[in-house]
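Order of appearance sets the numbers: ligands from 1, and atoms from 1 within every ligand. Heads up: numbering here begins at 1 and tracks the sequence. These numbers come from a predicted model, not from an experiment.
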Amino acid sequence: MNLGMAPGAIDASAVYYDVSKLKMVRGEGVYLFDELGQSYIDCASATFNLSLGYGHPAVLKAMREQAETLVHVTSSFQTDVINALCARLVELAPSGMSRVHLKVSSGSAANEGAIKMAQRATGARDVITLFRSHHGQTTMTASMSGNAFRRAPLVDVHPGGLLIPDPYCKRCFYGQTPESCGLVCVDRIDQFIEFASRGDVAAVMIEPISGNGGNIVPPPGYFTALQAFCRERNIKLIMDEVQTAIGRTGRMFASEHFGVEPDAITLAKGLGGSGAQVAGIITTEELAGLPSSEHSFTYGSNLVAAAAGLATLEIVSQESFLKNVRDTGDHIMRRLRASLGTCRNVFDIRGVGLMIGVEIVDDSGAPSSTLTNHLANQAMEHGLILRTSRYGRGNVLKIRPPLILTIAEADLICDRFEALLATELS
Ligand SMILES: Cc1ncc(COP(=O)(O)O)c(C=O)c1O
C-alpha cells in the first residue's frame, strides 16, 4: 500500500481476491460512477441488495440518526428499533407468520437458521433444495445449494441436502410440455425422499424465482402443489426470499405472487435499502423457540442496519411504489420482447417485476455461457452493469436494477441493452 498518497492512488495489491480494473467512487440512485467520471446504470443493484439505489436520502437519514443515538447493543436487550422492525415485518408478511429472528447479518446465516428451526420443529433432518438454487456460501448452505462447482472445493459436504430438478419449463427435466406438464416435478419428490434421502425430511428450501440459477419463474400451480405436498408430510416450507423480498417482484414478498403461506421466509439484501447489512428470518409460531445459543451472530440485529430496514419498509410498502416496480418491469420485458423476440441468440426473456432474465444461446441454439459473459463484459462499454447466472457458468443475463427505477430510466436500459446486442451479435 502506498501510504501517504491520495486515496484514489492506492492500488489493489493488498486485496486478497480478484477485482476489476475499474475503481468506483460514487453512486446516486440507479447510477454508479467510476474514477474517470463514467456512469453506469447498475442492473445488478450492487449485489442485488440496493433496493432503493445508491444513497437513498431517507435511508441515510435514518442510519445517521440511529448512529448518533446507539449503534449497537447486545441483542439480548430490547430496543425500540428492533422491536419496531420485527413488528413491521410481521404486519407485512403473508398470513400465519408471527415471529422475526434478526440475530443474523447475512442471507446464508438466515437460511441456516431457518433450517435449524425446521429440524428442531419436526425432529427430521434432511433438506430438499433445487438443482440451480443458491442459498449461500457457508459450508451448510453451499452444500445444500445446487451446482456441482459449488461443492467441489469443500473438504466435506455438509450432510442432509437432497437436490431435485427445478420447475424450469423451458428446459423441463422430465421432458414435459406445458400441455403435458401435470407438475411431474412436484409429484416425483416422493421418490427422491424414498430412494435418495435419509428417510426423514425437515424442510423444502426454495427461492420463489431463482436468483443465481437463471431467473427461473415456476409455472402456475407449482407452489400450490408444493405447499400441499409439504403440509401432507409435515415438511416445513422455507421460502428463501433473500433476493426476491422487499418489493423486487412488485410485491413485498414474492411468496404473495404465488399465494404461498410458508413456514419461514428468509430475508437479507433488499431490506437494507441502500446497502445496510440487515437480515432476518420470519416464521410461524410453530417454528419459534430456537435458543439464542444455537443461532446468533455478533453483528446480527445491529441498530443502524435495523433503522435502515425500517426506513426501507416504509417506502417499499407503499402501493404506488410496488406498482412502479411492476410497471417498469413489465415495460422492460414488453420492449425487449418486441425488439429481441426474434433474435436467434435470445432464447427467452422472463421475469416478474424487476427480477428479469434474458437467456442467451449461440447460433446453433445451445446455451452459451461464453457469449453471455462476453455480452456482460461489453455491457460496461454501453454504460450498463449486467451480471450473469451461475457465477459466470450460466447463460442468463440478469436485469435487476434498483426498484426506484423510472420509466425513462427503464427505456434507457432497453436502449443500451438493444445497442449492446446490435453491436455484439451483428
Ligand atoms: C437467494 C439467495 N439466498 C442466499 C444468499 C446468500 O446471502 P449472503 O450473501 O448475504 O450470505 C444469496 C446471495 O446471493 C441469494 O441470492
Side-chain angles (χ1 to χ4, degrees), residues 17 42-51 101-116 127-147 149-150 158 161 163 166-167 203-218 237-249 253-255 257-258 260 262 264-273 275-282 295 297-302 305 308-309 312 351-357 385 387-394 396 398-400:
Y17 38 80
D42 189 351
C43 288
S45 300
T47 315
F48 308 109
N49 58 328
L50 302 192
S51 52
H101 184 307
L102 287 179
K103 291 186 186 213
V104 288
S105 50
S106 70
S108 308
N111 283 339
E112 287 215 20
I115 288 169
K116 289 180 194 174
V127 179
I128 294 175
T129 54
L130 299 182
F131 280 4
R132 291 171 177 79
S133 60
H134 172 69
H135 298 297
Q137 295 279 14
T138 59
T139 300
M140 188 211 260
T141 54
S143 299
M144 291 183 179
S145 295
N147 291 296
F149 72 84
R150 297 169 55 80
H158 192 284
L163 288 154
D166 310 85
V204 168
M205 175 174 273
I206 182 166
E207 300 161 76
I209 298 169
S210 60
N212 189 259
N215 221 92
I216 297 164
V217 183
L237 181 57
I238 303 169
M239 296 295 268
D240 175 350
E241 292 231 30
V242 166
Q243 221 176 117
T244 52
I246 321 300
R248 173 57 56 197
T249 64
F253 298 95
S255 297
H257 276 291
F258 302 107
V260 192
I265 293 179
T266 54
L267 297 172
K269 297 188 186 278
L271 185 55
Q277 193 180 350
V278 53
I281 311 157
I282 312 177
H295 207 72
F297 298 84
T298 303
Y299 291 105
S301 104
N302 174 269
T312 302
V352 182
L354 282 169
M355 181 126 186
I356 299 169
I385 296 176
R387 288 183 49 188
T388 66
S389 57
R390 299 179 65 224
Y391 286 96
R393 291 164 173 85
V396 175
K398 306 178 206 175
I399 303 180
R400 297 178 198 154

Point to revise | Residue-ligand contact N111/ligand 1, heavy atom below 4.0 Å | key: yes
Review point. How about I206 and L237: do any of their side-chain heavy atoms sit closer than 4.5 Å?
Key: yes
Point to revise | For ligand 1, the portion of A268 having any non-hydrogen atom under 4.0 Å away | key: neither
**Study point:** Residue, atom name and distance, where the atom is the protein heavy atom closest to atom 3 (N) of ligand 1
**Key:** D240 OD2, 2.7 Å
**Study point:** Donor-acceptor under 3.5 Å (H257 side chain, V352 main chain)
**Key:** no
**Study point:** Atom pair CG (D166) and OG (S210), whose distance is rounded to the nearest 0.5 Å
**Key:** 6.5 Å
Check your understanding: Between the side chains of R393 and N147, is a donor N or O closer than 3.5 angstrom to an acceptor N or O?
Key -> no
Check your understanding: With a cut-off of 4.0 Å, which atoms of ligand 1 are near a heavy atom of E207?
Key -> 1 (C)
Check your understanding: If you measure only the distance, is there a donor-acceptor pair under 3.5 Å linking the side chains of E241 and S255?
Key -> yes
Point to revise | Polar atom proximity, G107 to ligand 1 (N or O, under 3.5 Å) | key: yes
Point to revise | Ligand-residue contact atoms, ligand 1 with S108, heavy atoms, under 4.0 Å | key: 6 (C), 7 (O), 8 (P), 11 (O)
Exercise for review: State whether the number of non-hydrogen atoms from other residues, nucleotides or ligands found under 6.0 Å of F297 atom CZ is greater than 12.
Suggested key: yes
Check your understanding: What residues, two or more places apart in sequence or in another chain, satisfy ring-ring contact (aromatic ring centres under 6.0 Å, His included) together with F258?
Key -> F223
Point to revise | Polar contact flag for Q243 and ligand 1 (N/O pairs, less than 3.5 Å) | key: yes
Check your understanding: Are any of the heavy atoms in G136 under 4.0 Å away from ligand 1?
Key -> yes
Point to revise | Numbering as shown, the atoms of ligand 1 that approach S106 to under 4.0 Å (heavy-atom distance) | key: 10 (O), 11 (O)
Review point. In ligand 1, which numbered atoms sit nearer than 4.0 Å to a non-hydrogen atom of H135?
Key: 3 (N), 4 (C)
Review point. Would you call E241 a ligand 1 contact, heavy-atom distance under 4.0 Å?
Key: no
Practice item. Indicate yes or no: does an N/O atom of K269 lie under 3.5 Å from an N/O atom of ligand 1? Key: yes
Revision key, fill the gap. Separation between CD1 (I356) and CG (N215), nearest 0.5 Å, reads 8.0 Å
Review point. Counting heavy atoms only, which part of Q137 comes closer than 4.0 Å to ligand 1: side chain, backbone, both or neither?
Key: neither
Point to revise | Flag for R248-S45: side-chain donor and acceptor within less than 3.5 Å | key: yes
Practice item. If you have a sec, work out which protein heavy atom is nearest atom 5 (C) of ligand 1 and how many Å separate them, to one decimal? Key: V242 CG1, 3.8 Å
Point to revise | R400 (side chain) donor-acceptor with R387 (main chain) under 3.5 angstrom | key: no
Check your understanding: Where is the nearest protein heavy atom to atom 15 (C) of ligand 1: which residue, which atom, and how far?
Key -> H134 CD2, 3.5 Å
